[in-house]
Number of protein chains: 2
Amino acid sequence: MENSTPTRKRGRPLKTDGSNMTTKEKLVRYGTVILTEKGLASTGLDEILKTVGVPKGSFYHYFASKDDFGLAVIQHYETYFANKLDRCLWNKNRTPLDCLADFIEEAKDGMTRHAFKRGCLIGNLGQELGALNEKFRVPLEKVFLDWQNRVADCLERAKTTGQISSQTDSQEMAAFFWIGWEGAILRAKLVKSCAPLDLFAKHFFNSF
Amino acid sequence: MENSTPTRKRGRPLKTDGSNMTTKEKLVRYGTVILTEKGLASTGLDEILKTVGVPKGSFYHYFASKDDFGLAVIQHYETYFANKLDRCLWNKNRTPLDCLADFIEEAKDGMTRHAFKRGCLIGNLGQELGALNEKFRVPLEKVFLDWQNRVADCLERAKTTGQISSQTDSQEMAAFFWIGWEGAILRAKLVKSCAPLDLFAKHFFNSF
DNA sequence: TTTATATATAGACTGATCGTCTAGTAAAAT
DNA sequence: ATTTTACTAGACGATCAGTCTATATATAAA
């Protein structure tokens, strides 16, 4: 048997080794991918460990439990996604509402590129663990509230440009957006098509 | 040790015994409950078997595999839910749109009664297995299409009573309904409140 | 009545995989 | 030189889905 990845040295790694912080990072990074596809319960630790090339002992050095790992993955995804959202929503060459439409287009690209297998990590784990596990429920909902605020801010900007009525309840519309959007992603995975995403987007923009 | 449930008789059951079909039924019935709460992967066979009081041999007599059992549970839920839907939607004392609102109220009652832990089996399994397992994806989507048709029919009736414009695309609105509704259920489980359901319902009815 | 067969229960057993933990190695710090 | 820190290695018991053999009995066939 031969190792595909160069065998990790035992013992404490060299301080000067630039890549010594990457073990945890690699775990979280691949965890984000695989948990988005398969969820937490269906994903075996061994699968992650084998893919990343990290022994079990290391995993439990970095994370207290599998749940703890899941929480770290959520945190990682939260900032990754918030950046993505802001990059779209703060585009100064576009009107606020077009910014939101751009985000939708980018998400559609991502869904298509991954053959409708991934969707949204927060939605997936929310469905799997939200109702069952209080340890996950609260952080998961916090992520949604954060995203909701970013969209609400975007809608507030759309008011100042006169793109939507100043009477609009931005928070409510932002909540409506994420509720419907997550539903659309779930359905898009089922039909393996962007049609549900487009359909929701159309009705969302029509309701201003 | 004493048996909580009266011990099942060994051997081939009486043809005339009215309750001889109940073993399989009991499995499916409890399966519907537990799979709605925890999904397929997170639920162990032993847990189901112990709760229902059925030995493993019986389970694998009735079902070829755990997946096969999951498919049977889906089928059972499909007809149960279709009946529930029709009971609401064909209420002759109410206008078609009020019928839909009644269904929403009934669903809200159910969610509250089960402390926001259950939600919708099809949505849950759709999220868990839809993208991964083709064996589940197709039947799951079929269920949504069936429900969609029932709502579309209801909207057609609303046209004849003049409650909504005859220009409305019933199929599209019905699709929009289930997309948003499943998203709302997911979110309601996260916040342990009916607010997301109400919020989606409000915007849905406003878009006619 | 006797025999054969179909139906279903009963639960021990298997091999794989689960998450967790203890022991050990080696660099770094003292 | 000794201790501490950082990390690896794999053993561990529990549990998983699934299989198998044995048993009991209603029904069908003789």
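Protein chains get the first letters and strands the later ones, always in sequence-line order, with residue 1 at the start of each.
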Undergrad: How would you list, by chain and number, every residue that makes a side-chain contact (heavy atoms from CB on, under 4.5 Å) with B:R29, sequence neighbours excluded?
TA: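 In terms of side-chain contact (heavy atoms from CB on, under 4.5 Å), with neighbours along the sequence ignored, B:R29 is linked to B:E25.
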
Undergrad: Can you measure B:H61 atom NE2 to C:dA8 atom C1' for me and round it to whole angstrom units?
TA: 5 Å

Undergrad: Nearest whole angstrom, please: distance from the P of C:dA12 to the CZ of B:F59.
TA: 19 Å

Undergrad: Going by the ring pair (Phe, Tyr, Trp, His ring centres under 6.0 Å) test, which pairs reach into residues 117-150 of chain A, not counting sequence neighbours?
TA: A:F81-A:W147, A:F144-A:W147, A:W147-A:W178

Undergrad: With sequence neighbours excluded, what pairs up with A:L145 under the side-chain contact (heavy atoms from CB on, under 4.5 Å) test?
TA: A:E141, A:Q148, B:R187

Undergrad: Under 6.0 Å between ring centres: does that hold for A:Y60 and A:F69?
TA: no

Undergrad: D:dA17, OP1 or OP2 - any side-chain N/O from B:S65 closer than 4.0 Å?
TA: no

Undergrad: With the threshold set at under 4.0 Å for non-hydrogen atoms, list the residues of residues 38-50 of chain B touching DNA chain D in residue-number order.
TA: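 Contacting residues: B:T43, B:G44, B:L45, B:D46.
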
Undergrad: Once salt bridge (Lys or Arg N to Asp or Glu O under 4.0 Å) is applied, do any residues pair with A:D198, and if so which ones, sequence neighbours excluded?
TA: A:K108

Undergrad: Taking atom C1' of C:dT7 as reference, at what distance in whole Å does atom NZ of B:K24 sit?
TA: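 In whole Å, C:dT7 C1' and B:K24 NZ are 13 Å from each other.
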
Undergrad: For nucleotides 19-21 of chain D, tabulate all protein N/O to nucleotide N/O atom pairs closer than 3.5 Å, reporting atom names and distance.
TA:
none

Undergrad: Who pairs with B:D146 by salt bridge (Lys or Arg N to Asp or Glu O under 4.0 Å), at least two apart in sequence or on another chain?
TA: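 So B:D146 forms a salt bridge (Lys or Arg N to Asp or Glu O under 4.0 Å) with B:R150.
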
Undergrad: Going by the rule side-chain contact (heavy atoms from CB on, under 4.5 Å), which residues pair with A:E106 if we only count those two or more places apart in sequence or in a different chain?
TA: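 If we apply the side-chain contact (heavy atoms from CB on, under 4.5 Å) test to A:E106, skipping adjacent residues, the hits are A:K84, A:R87, A:C88.
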
Undergrad: C:dA8, OP1 or OP2 - any side-chain N/O from B:S58 closer than 4.0 Å?
TA: no

Undergrad: Can you tell me how far C1' of C:dT20 sits from CG of A:D67, to the nearest Å?
TA: 13 Å

Undergrad: What residues form a side-chain contact (heavy atoms from CB on, under 4.5 Å) with A:F208, not counting sequence neighbours?
TA: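 So A:F208 forms a side-chain contact (heavy atoms from CB on, under 4.5 Å) with A:L155, A:I164, A:T168, A:M173, A:F204, A:F205.
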
